[in-house]
Each structure stands twice: as C-alpha cells, then as structure tokens.
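Report on one structure; see the data block that follows.
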Amino acid sequence: MHSNEAKKATKKHSIEMIFYLYRFSIILLVISLFMPSLNPGRITSLINENMSLFTSGISYSSLISNTLRSINLGWVQGETFKILFIGCMLVCAGVIGAVVGGCTSLGSLKLRRLGNVFAIIGNVISLIGFGTIRAAYSQISMTAYPERVNPEIPIGFYIIMGLIIFILVLSLILLIVQPKPSENDEYELQQKYKLFLLIIPFIALVFVFSYLPLWGWRYAFFDYKAGGTLSKDNYVGFKWFKFLLENKATRNDIVRVLRNTLAMSGLGLATSWCSMAFAILLCEIKQLRIRRFIQTFTTVPNFISWVLVYSFATLIFSSEGIISNIIVARGGIAVNYLLSDQHTWLKMLVWGMWKGIGWSAIVYIAGISGIDQQLYEAATVDGAGRFRKMWHITVPGLLPTYFVLLLLQISGILSNGMEQYLVFENPNNTREIMVLDLYVYKLGIGSGKIPLTTVVGMVKSIVSVTLLLGANKFSKLIRGESLI
Amino acid sequence: MIKIFKRKSDKKEYYVSSAPKYKTTLGDVIFNILNYTFFIVFTIACIFPFYYLLINTISDNDLVRKGAITFIPKGIHFKNYISLKSVGDLMQSFKVTVARTVIGTGLMVGASGLVGFLVTKQEMWGRSFWYRFIIITMYFNAGLVPWYLNMAMLGLTDNFLGYIIPGIVAPYNIILVKTYIESIPAELEESAYIDGASYFKVFLKIIWPLSKPILATIAIFGAVGNWNSFQDSLIIMQNDASLYTLQHRLYMYLNQTTNIGQVMKSANTKLSASTQAALLNAKTIKYTISMVTVIPILLVYPFMQRYFEKGIMLGAVKG
C-alpha cells in the first residue's frame, strides 16, 4: 500500500519532468522560428540569409524578393518558391499547435491531454511542411546552374525537424503515460496561469522588438557587408573596436561627434533650470485667463514634428523667409541664415527650447500648485516679499522634481535623438551638428557600415545604462528613493 | 459608487493666492512689466510661425514668390489647398499616415489597457518579473542598426506592418494605465469576481469604462506621435516610396526646394520659365503641405490640453 503510493508519486514526478522538457523544447522551437541562421527554408543561396523561417512562412514577397532575377533568367522555376512558401507556412502553422500544447500543459489533466492532441496534430503538420520543403529542394537541385543557385539543405532543416520530432515523441509519451481523466474532470486552468497566458503575446512582442535586437550585436564581431553572411571566415573578433580607436580618420570623426554630442547635451543640462524658472515666472502672472492663454500657446510647439519646425525655420530664416523679405524690401540682399555655420550649437539649443520649454514647464507648474499654501501665508505674515517667497518657498519646493529630471537627463547625455539634427543639417554646418545618433544613422543606414556602427551603438547603450544605474544609485544615496 | 469615484478625479483649478494684501512696491511693478513683456514676446514667437505659414498658403502666389507677404495676407485664395490633390504621392502618404495613426493608436491603447490591467493582478504567475521584463526596455536599447537589422530579419521593412507592430506594447503607457487602475477601488472588481465574472469580462465591463480618462490621454498622445512619425519611415521604408508618411514626404519637399535654390545660386543664370514655375510650385506646395500636417494637431490640441497634467503627474509616479 505504502510503496504503491510512493510509486505513484515518483510517476507523477517523472511526468512533471517530461512536461518541463516539453515546454522548454517548445520555447526553443518558437525562438528558432526567428533565427535566420536556422531557417530550414533557405534551400538556395538566392534566398536572403537574414530571413527567418517565420518571415519565410508569412510573407511570400520577402521570400522571393532576391530571386526574381534568377527566375526570369530561368535558373530556377517560380513554382519552386511557391512550394517552398507553402512548406514554410505549414511548418509555422504546425508550431501554433505545439504552442497551444505548451500553454495548455499548465492546466488540468483533461486540458493537458487535449493540448497533447493539438501538439501532435501541429507537429504532424510541421513534418508535412518539411516534406514540402524537401520537395522544393529536390526540384531546385535539378537546376542547370548549380554554381549560381547553390542548392543545399541548410543545417536548420535538420535541427528544427529534430526538435519537432522530439516534441512529437514527448507528446505521444505524455498521452500514453498520463492517467485517464475521471468523469467529472473539467477543462480548467489555474487563475495564475490564466493571467500569465493572457500576457504572453505581449511579452513575446517585447521580446521580439526589444530583446531580440541585442542578438544583432554579434555583427560587431564580423566583417559584415550588407547582403553578406556571417561565418567563421569573416569573424574578426575585436577588429572594429580597435579600428574605432586606431584608424585616424574614424577616430577624428568620433572625437568630433562626441564633442558635438556632449556640447549640445551639456548646453541642455546647463539650461535645464530654465523650464523651472519659466514655470515660476508664469505662476507670478495672477490673471488666470492670461496665464492659461500663455500656457496654451507656448505648449503647442512641443506637439509638432521637427520637420515642421524646419518648415517654420525656412519660412523665417531662409533666403525666401520673412527676414530676407524685409531686408530685400529695404534694398538689401537676401540671406539664408539656415546655411550659415556660425553658432550651430547655440541655435540648436534655442530651437530645442522654443519647442520644449512650455511643455517641460508643465510638470513644475503642477508642482507649484502642489506646494502647501500655508507656507506662503505664513511667509507673508512674517513680512516676506514676493521674491523672497519665490526663492525660499517655491524654489525649494520644486528642487526635488528638478533633481530627478536632471539625473534622468544626465543619464541620457549621449542620446540627443537624431530628428532635430537631421532636418537642420546641411553641408555647411554638418561638422558642428553631427551628433552620435545622427552619425550612426548616416554611417550605418546610409553608408552600410554595419559592424562599425553596431560597435558605436553598443558602446553607447552600455555607457547610457551605466550612467542611468549610477544616477539611480546616487539618487538612492541622497534622497533615499530610486529613480527607476 | 462609480459616481463618487468620478467626482474624486475632478480637476483642481490652480490655486489663486488669497494671502493678505501687502503694499505693491516699485520692484513689483518693474518685475511685472518685465515678466509680462517676456511672456508676451515668447508667446508671439510661438504663435507667429503658425500664422505666417497660414498667410503664406492663402495669399496670392505671385506675391508670395516675390516675398511681398510680411504680416498681412494679400489676395486671399484657397487654390493651393485644392491643387494639393493633384500632387503626386501626397494622397498616398496621407492615407498611409491616417491608417497608421488610427490602427497603430487603437492597438496600442487596447494593449496598454489590457497589459496595465493584467500587471495589477498579484496572483499572476511571475507577475513582478514579467512587469519588469516589459518596463526595463524603456531604459536600454540595442541601438539603431541592430534594430533595423532585426526589422529586416522579420520582414517588416518596406511593409506597412512595420509601423504598427513594434508600437503595440508601449512600456511608459503601461505604467500610466497600471497606476491609474490601482487607484480604482478594488471592491468594484472583487464584487464582480464573486458574481462569477471572468478576468476578461471584468476588464471589459469595469476596468475599461472606468479607465477612460487615462486611455484617452494615451490615445491622444499616441495619435500625435504616429501623426508626427518620420524617423521610422526614413529608416525602414527606404525602398518603397508608397509607404512614406506625410512628414517624410514633407521633409523631401523641403529638401528638394533647398536643393533647387542652391542650384539656382551656383549656376547664377536665368532660369527657364518652366523651372521657375516648378520652383514656385514647390515653394507653395511645401508650405501648404506643412499647413495640412499641422492642422490635425491644432484640432486635437484643445482636447489634449485637458489631459496634460493628469498624464504628466501620473508619469511622475514611478512604476
């Protein structure tokens, strides 16, 4: 009797272990869908090597994007890619079944068994998909130009198929060894898992768009050119890191760009008190209507894009702008102030303030209305004038907010964004206006220097996170409260 | 219960000082004059570009070209706005921008509401871990180039979905919604659970209606962000001009005319009539497009303003 129960317990335990393995394999399977290096559909080198199985299975147009020329030349048949697309789609569709199986494995016995059935069906569909891909391969391998088309069964084909067969076997085992559900067993899922399953799609999105790009950091260690591949042959280790420091031209660029970045962020930091002053002065206007009016119109610029700001700038400062118009009307010559290379940093600061000060003052205005009015009344009774009240009550009341915002601003010192500088950039001021974000964009997206800009982006991200953590620690030390 | 709750969240007007009167000194007067002058000048600096843009688009095109328009519109007409219809890809860009604003904002608001609700549920498996997993992405990113390569890998470059899908989960908005939902009395939900309602039902029937103020806030901010979007169009839609957003198109027009201007300067020759007409056309076109892109912002602005402080103050409360 006793040993029987113990046996049951060990059996239950081993079933749980199989389930852990089962879920883990399903997670691996889902991740491998997004790995271009594991794409089983890449049966020829004509297919873009940066494409994952997931993309191959949902977007026919991206699948064939690089192959149109070879289809037209008759190297390969267009039909082959249709077959391939169907195969990839079937594999992807089958994975959905496996995912359902994985999710329901958190539920009651009856639900688990249903999930197993789903997983089995899904895996069979995936295997049919693999057969279809294999068929496409045998068609493509008959090409008359093997040296151009390079038909090959990719390694991912075997890895993912192996994974799917493994999951299929596990599902079958689980279906057999699990006890039959009793009559009154129901499909049910514990609350905690129900909530978890509801949030999973969003976690997946966050993973794909915020964590998966980190995987792209590997480009920093390869001699990669757009459209090329990552392999042992072009692995270069820390070459690009060294290049950044040792190549004279690049080093000069980086120094200049860093100087611009730090200068403009520094100017921003040095004038960050302005929005607090703006708020305090605005609140000194006692007519509510006028104050509302001013607040309304000074906040509008924050909500227009930098492109529109540039449109305004041409409207006012270019050779066809109002200033030039007035000069011309008085007999002068039109001047395009936007093309000048003088005081670029200062101009950018002024544009930034014009756009942002009304908006950034709002948090301080809200802060002022939160200050205890009794303080002011007491000060008045004590004979304090307007300025002393501002200086001794309002300013100290706002300082904590200012401090938090300042620390956050310091941690963002390397990220000034690129839109403002992109729209205002021209051949004359490009040396002074080029900030880190814009530099990465121009060099990486514009000129295709992917490894180098990945290195720059990597260093920037690491420095920013370090600064943020430092600011957080500092804030904890001084205020006893964390920032993030 | 609901009514009481709503009354609680009513907006407070600014406090108007009712302190005892004190003598107005000379310093006060000077300060007031300077203060008012500063704000008047700054407010004009904020309004004037909008006004000047408007009068440039509705004044007589010849006068605009000659630079005769300074402060007052002359020869008012609206032909420029009508002629925009015939400007090449503009309608296409307009459609794309409207579509991404509507779809992108809708999905973002729905997702923020649902996720914000889910992360308030203490009983969720691994709740605090998953919440941090989402929120921490606000503070780091892999960098522009890896992000772009990732989008390319997912097939979202030159694809309309590239505007929509990455924006669905917005961590900051999730914090805002979560903070707001936490301020809703828990009894409301609990009674519904006792009556046998599911999480989803509670979300739809109780949480969603009660969170409307905060959802409206993030909707408006999201819509403005989508409408103003320019960077993603520039980066991921390089090969498909039919997917450019309105701001991207405007940027191109602005650059185009600068270039023509530079050519004119360097060549220093008389331009043929057709080139001049093209130049003139480009000039009025770019200002009219500017006006068209700014009008929707000005239209939603009064609604936005109501939510400013609410949004900002909630944002100050950390997640």
Side-chain angles (χ1 to χ4, degrees), chain A residues 36 50 52 55 59 62 191-193 195-196 198-199 202-203 205-206 209-210 212-214 216-217 281 284 294 296-298 300-301 303-305 307-308 310-312 314-315 320 322 325-326 328 362-363 366 369 373 376-377 380 386 419 440-441 444-445 450 453-454 457-458 461 465 468 484, chain B residues 14-17 19-20 22 28 35 39 42-43 46-47 49 52-53 56 67 70 111 115 118 121 123-125 130 133-134 137 139-150 152-155 166 168-169 199 224 228 230-231 235 247 250-251 254 290 293-294 297 301 305 308-309 312-313:
Chain A
N50 280 327
S52 61
T55 321
S59 164
S62 359
Q191 301 286 32
K192 55 177 185 175
Y193 294 128
L195 286 163
F196 172 60
L198 275 172
I199 208 172
F202 303 101
I203 288 171
L205 279 175
V206 171
F209 291 105
S210 298
L212 203 56
L214 290 173
W217 278 7
L281 292 178
E284 284 302 312
I294 294 173
T296 304
F297 284 97
T298 51
V300 178
F303 295 98
I304 61 171
S305 69
V307 182
L308 260 163
Y310 184 65
S311 181
F312 285 162
T314 52
L315 204 56
E320 56 184 47
I322 185 167
N325 287 348
I326 293 172
V328 170
I362 285 183
V363 68
S369 62
Q373 292 301 325
Y376 290 103
E377 277 153 27
T380 314
R386 190 174 187 175
E419 285 190 25
V440 167
Y441 166 71
I445 310 288
I450 286 167
T453 45
T454 306
M458 238 169 116
S461 300
V465 169
L468 183 71
I484 48 175
Chain B
Y14 295 125
Y15 184 84
V16 187
S17 175
Y22 69 104
D28 272 337
N35 201 20
F39 278 109
F42 192 75
T43 310
C46 288
I47 300 175
Y52 191 56
L53 182 66
N56 260 291
T70 42
V115 177
L118 290 175
K121 293 278 147 290
E123 60 267 34
M124 182 199 290
W125 184 71
W130 296 120
F133 184 86
I134 296 173
T137 58
Y139 300 110
F140 78 88
N141 62 67
L144 180 71
V145 173
W147 180 80
Y148 166 74
L149 292 171
N150 186 47
M153 183 185 98
L154 296 169
I168 291 178
V169 180
Y199 284 120
V224 170
N228 281 340
F230 157 60
Q231 198 174 334
I235 293 168
Q247 305 285 346
L250 174 61
Y251 174 67
L254 287 171
S290 302
T293 51
V294 85
I297 302 281
Y301 186 72
Q305 232 198 338
F308 277 175
E309 282 137 52
I312 276 211
M313 288 323 285

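Each chain gets a letter, A, B and so on, in the order the sequences are listed, and its residues count up from 1.
For A:Y441 against B:I235, the heavy-atom pair with the smallest separation is CE1-CG1, 3.7 Å. The two atoms that bring B:L254 and A:V307 nearest to each other are CD1-O, 3.6 Å, heavy atoms only. Taking all atoms of both residues into account, the shortest heavy-atom contact from B:L118 to A:L195 is CD2-CD2, 3.6 Å. Summarising the geometry of A:E284 relative to B:N35, their closest heavy-atom pair is CB-ND2, 3.7 Å, with the distance given to 0.1 Å. In terms of heavy-atom proximity, A:F297 sits nearest to B:T43 at CB-CG2, 3.8 Å.
The greatest number of non-hydrogen atom pairs below 4.5 Å with chain B, out of A:L315, A:L308, A:T55, is found for A:L315. Ranked by heavy-atom pairs shorter than 4.5 Å toward chain B, the options A:L281, A:V328, A:V206, A:L212 are led by A:L281. Options A:I445, A:V440, A:I326 differ in how many heavy-atom pairs under 4.5 Å they form with chain B, and the most are formed by A:I445. The residue among A:L205, A:T453, A:I199 with the most heavy atom pairs within less than 4.5 Å of chain B is A:I199. Of the listed residues (B:F42, B:F230, B:Y52), the greatest number of heavy-atom pairs within a distance under 4.5 Å of chain A belongs to B:Y52. Between chain A and the options B:P49, B:G143, B:A152, heavy-atom pairs under 4.5 Å are most frequent for B:P49. Comparing B:N56, B:L144, B:I168 by heavy-atom pairs within less than 4.5 Å of chain A, the highest count is held by B:L144. The greatest number of non-hydrogen atom pairs below 4.5 Å with chain B, out of A:I294, A:T296, A:T298, is found for A:T296. Note: B:N150 leads B:I47, B:N150, B:V224, B:L149 in heavy-atom pairs under 4.5 Å with chain A. If you tally non-hydrogen atom pairs under 4.5 Å between each of B:W147, B:Y199, B:Y148 and chain A, the highest count goes to B:Y199.
At distances below 3.5 Å, not a single donor-acceptor pair connects side-chain atoms of A:T454 with backbone N or O atoms of B:V145. A donor-acceptor contact shorter than 3.5 Å links the side chain of A:W217 to the backbone of B:A142.
In this structure, the side chains of B:P146 and A:L214 stay at 4.5 Å or more apart for every pair of heavy atoms. Two residues are said to be in side-chain contact when any heavy atoms from C-beta on lie closer than 4.5 Å; A:L468 and B:F140 fail this criterion. Annotation: side chain of B:N141 is in contact with side chain of A:S461 (closest heavy-atom distance under 4.5 Å). With a 4.5 Å cut-off on side-chain heavy atoms, A:V465 and B:Y139 do not count as touching. Annotation: side chain of B:Y251 is not in contact with side chain of A:Y310 (no heavy-atom distance under 4.5 Å).
In this structure, the separation between OG on A:S311 and CD on B:Q247 is 10.0 Å, given to the nearest 0.5 Å. One finds the CD1 atom of B:I134 at 5.5 Å from the CD1 atom of A:I203 (value rounded to the nearest 0.5 Å).
With a 4.5 Å cut-off on non-hydrogen atoms, A:V300 touches chain B through its backbone and its side chain both. For chain A, the nearby parts of B:L250 are the backbone and the side chain; heavy atoms of each come within less than 4.5 Å.
Ring geometry, B:W125 versus A:F196: the interplanar angle exceeds 60°, so the pair is classed perpendicular (tilted spans 30 to 60°).
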Task: side chain to side chain contact (heavy atoms under 4.5 Å, CB included) between A:F209 and B:V169, worked out - done: CA-CA 9 Å; A:F209 291 105; B:V169 180; over 6 Å; no
